[in-house]
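None of the values given here were measured: they were computed from a predicted structure. Note: hydrogens, waters and symmetry copies are ignored here, and every other heavy atom, side chains too, is used.
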Amino acid sequence: MPLIAILLAALFFVIEELIQGQFGIMGLAAVALLSIGVKAKNTACLSVGAIVLVLLLQPVIG
């Protein structure tokens, strides 16, 4: 169990670094809001984080 938690934390850290490198501080804030929303089961944080990520991804997708 602790090994899985460590691997997931490392994976999350790598994903955060990649998003911050590509999208800057707003990308990092969006991922932070998403993670807070999931952990705290707060739909407001989850929704705001998802919306910010979608808005940041618009130029990349289209």
_Cluster companions of Ile4 among Ile, Leu, Val, Met, Phe, Trp, Tyr (side-chain spacing under 4.5 Å)_ = Leu8
*Would you kindly confirm whether Leu53 and Val38 end up in one hydrophobic cluster when ILVMFWY residues are joined by side chain heavy atoms under 4.5 Å apart?*
yes
*With rounding to the nearest 0.5 Å, note down the distance linking CG in Leu55 to CD1 in Ile51.*
7.5 Å
Please table the atom pairs, donor to acceptor, closer than 3.5 Å between any side-chain atom in residues 23-32 and protein atoms at least two apart or in another chain.
none

_Could you work out, with side chain to side chain contact (heavy atoms under 4.5 Å, CB included) as the rule, every residue matching Val48, not counting sequence neighbours?_
Leu33, Val52
*Linking Ile, Leu, Val, Met, Phe, Trp and Tyr through side-chain heavy atoms less than 4.5 Å apart, which residues share a cluster with Phe13?*
none
_To the nearest 0.5 Å, what is the distance between OG on Ser35 and CD1 on Ile15?_
11.5 Å
*Could you list the residues that satisfy side chain to side chain contact (heavy atoms under 4.5 Å, CB included) with Ile36, not counting sequence neighbours?*
Cys45
